[in-house]
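Note that the coordinates shown come from a computational prediction; the quantities given were computed from them, not determined experimentally. Note that the numbering runs from 1 along the sequence shown for the chain. In each ligand, atom 1 is the first atom listed, and ligand 1 is the first ligand listed.
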Amino acid sequence: MSRSNILRLAPSILSADFSRLGDEVRAIERSGADMVHFDVMDNHYVPNLSIGPLVCEAIRPHVHIPIDVHLMAEPVDALIPMFVKAGADIITFHPEASKHVDRSLSMIQDMGCKAGLVLNPATSVHCIDHVMNKLDIILLMSVNPGFGGQQFIVSTLAKLRTLRQKIEVYRQTGGQPIWLEVDGGIKINNIHDVVHAGADTCVIGSAVFGAPDEDGGYCNVMQALRSAVEGF
Ligand code: DX5
Ligand code: ZN
């Protein structure tokens with residue numbers, strides 16, 4: 001297997017300047033982002049409150065790249081059509097936030113989006129076993145969800161290797177491609193380890209938006225992130 005040319009970077013706008021979100025998403029697209037990561041928090045599933053479908057709809061015309069909606073909310077089924085209508089391309093949710101995981105995944109796919117499950121640091125990798133055929137993407141949390149700017153949990157790497165192996169075994173038996181995304185605490189100094197352990201898609205919040213955008217700051221960080229995995 002060769003994944004050497006696959007690295008999708010998904011800046012999380014949770015760390016962006018919300019007073020100028022249109023400019024911010026255009027800047028990250030210009031800097032080479034592969035998608036916009038859109039963190040939805042409901043002050044119920046996680047102890048924080050962020051953005052919803054209205055904001056998704058507002059940024060949609062500003063970028064061409066996919067919008068990757070990460071639902072940290074429960075329940076999820078009523079939110080799915082709202083985000084589809086607002087222009088989402090990918091919708092992921094946490095399995096414990098849906099009473100019927102299979103049905104929620106189908107609903108997302110039937111509405112034309114890629115669907116995925118999100119595994120918290122304490123969620124067993126076995127939660128994907130009986131829905132592999134409904135997954136376009138698996139999102140592995142490398143921090144506990146709820147806040148940007150947290151420290152990467154190193155034990156994620158072993159879990160990531162396990163998930164990569166599960167996906168490869170599934171592929172060899174004729175299964176569809178499944179992206180493997182990691183979210184939380186990814187920086188220039190650890191992205192190599194994350195990709196080496198099996199990720200093909202990395203969410204980066206504070207490491208990108210913490211850089212000043214003048215003089216191409218976002219471009220420099222994005223380039224540095226890609227360079228850090230070069231040769232992998
Ligand atoms: C955490 C969010 C992440 C977070 C990433 O609940 O899902 O997307 O904003 O931000 P950093 O890269 O700062 O950890
Ligand atoms: Zn996220």
Side-chain angles (χ1 to χ4, degrees), residues 7-18 21 24-25 28 31 33-53 55-56 59 65-74 76 79 83 88-97 108 113-123 136-157 159-160 179-195 199-212 217-218 221-222 224-226 228-229:
L7 172 61
R8 293 176 210 95
L9 295 179
S12 165
I13 58 169
L14 191 64
S15 296
D17 179 349
F18 281 110
L21 209 43
E24 289 280 72
V25 292
I28 55 151
S31 75
D34 296 283
M35 43 202 210
V36 175
H37 187 78
F38 192 100
D39 284 311
V40 181
M41 302 175 178
D42 68 348
N43 189 39
H44 177 65
Y45 178 74
V46 288
N48 200 357
L49 189 62
S50 64
I51 44 180
V55 176
C56 185
I59 63 166
I65 51 178
I67 299 180
D68 170 32
V69 172
H70 172 194
L71 295 178
M72 286 163 276
E74 69 172 313
V76 298
L79 292 172
F83 276 102
D89 298 277
I90 301 165
I91 301 178
T92 60
F93 62 92
H94 293 249
E96 60 278 14
I108 296 168
C113 290
K114 287 187 191 296
L117 285 181
V118 192
L119 279 62
N120 282 336
T123 305
D136 298 298
I137 183 163
I138 296 166
L139 174 51
L140 178 62
M141 294 307 298
S142 39
V143 296
N144 283 289
F147 302 92
Q150 300 183 79
Q151 186 82 25
F152 183 85
I153 297 172
V154 177
S155 60
T156 305
L157 296 174
K159 204 169 171 186
L160 186 50
W179 294 1
L180 185 49
E181 182 176 31
V182 178
D183 183 0
I186 299 180
K187 314 270 180 217
I188 293 164
N189 65 6
N190 62 9
I191 191 168
H192 177 273
D193 296 345
V194 174
V195 172
D200 52 40
T201 307
C202 293
V203 176
I204 309 108
S206 46
V208 169
F209 287 104
Y218 295 167
V221 177
M222 295 291 280
L225 288 161
R226 291 196 193 276
V229 300

Is the closest side-chain heavy-atom distance between Ser12 and Asp183 below 4.5 Å? no
Here the pair of heavy atoms bringing Ile28 nearest to Val208 is CG2-CG1, 4.2 Å
The protein residues that pass the under-4.0 Å heavy-atom test against ligand 1 are Ser12, Leu14, His37, Asp39, Met41, His70, Met72, Met141, Pro145, Gly146, Phe147, Gly148, Gly149, Asp183, Gly184, Gly185, Val203, Ile204, Gly205, Ser206
If we ignore angles and hydrogens, is there a donor and acceptor under 3.5 Å between the side chains of Ser206 and Lys187? yes
Angle at the Zn ion (ligand 2), OD1 of Asp39 to NE2 of His37, rounded to 10 degrees, please. 90°
Do Lys114 and Asp89 sit within salt-bridge range, that is, some charged N less than 4.0 Å from a carboxylate O? no
Of all heavy-atom pairs between His94 and Asn120, which one has the smallest distance, and what is that distance? CE1-OD1, 3.0 Å
By atom name, which N, O or S atom belonging to His70 lies closest to the Zn ion (ligand 2)? ND1
Would you check if Ile13 and Ile59 make a side-chain contact, meaning some heavy-atom pair closer than 4.5 Å? yes
Need the atom name: nearest N/O/S atom of Asp183 to the Zn ion (ligand 2). OD2
Asp68/His70 under side chain to side chain donor-acceptor pair (under 3.5 Å): CA gap, chis, key distance, verdict: CA-CA 6 Å; Asp68 170 32; His70 172 194; over 6 Å; no
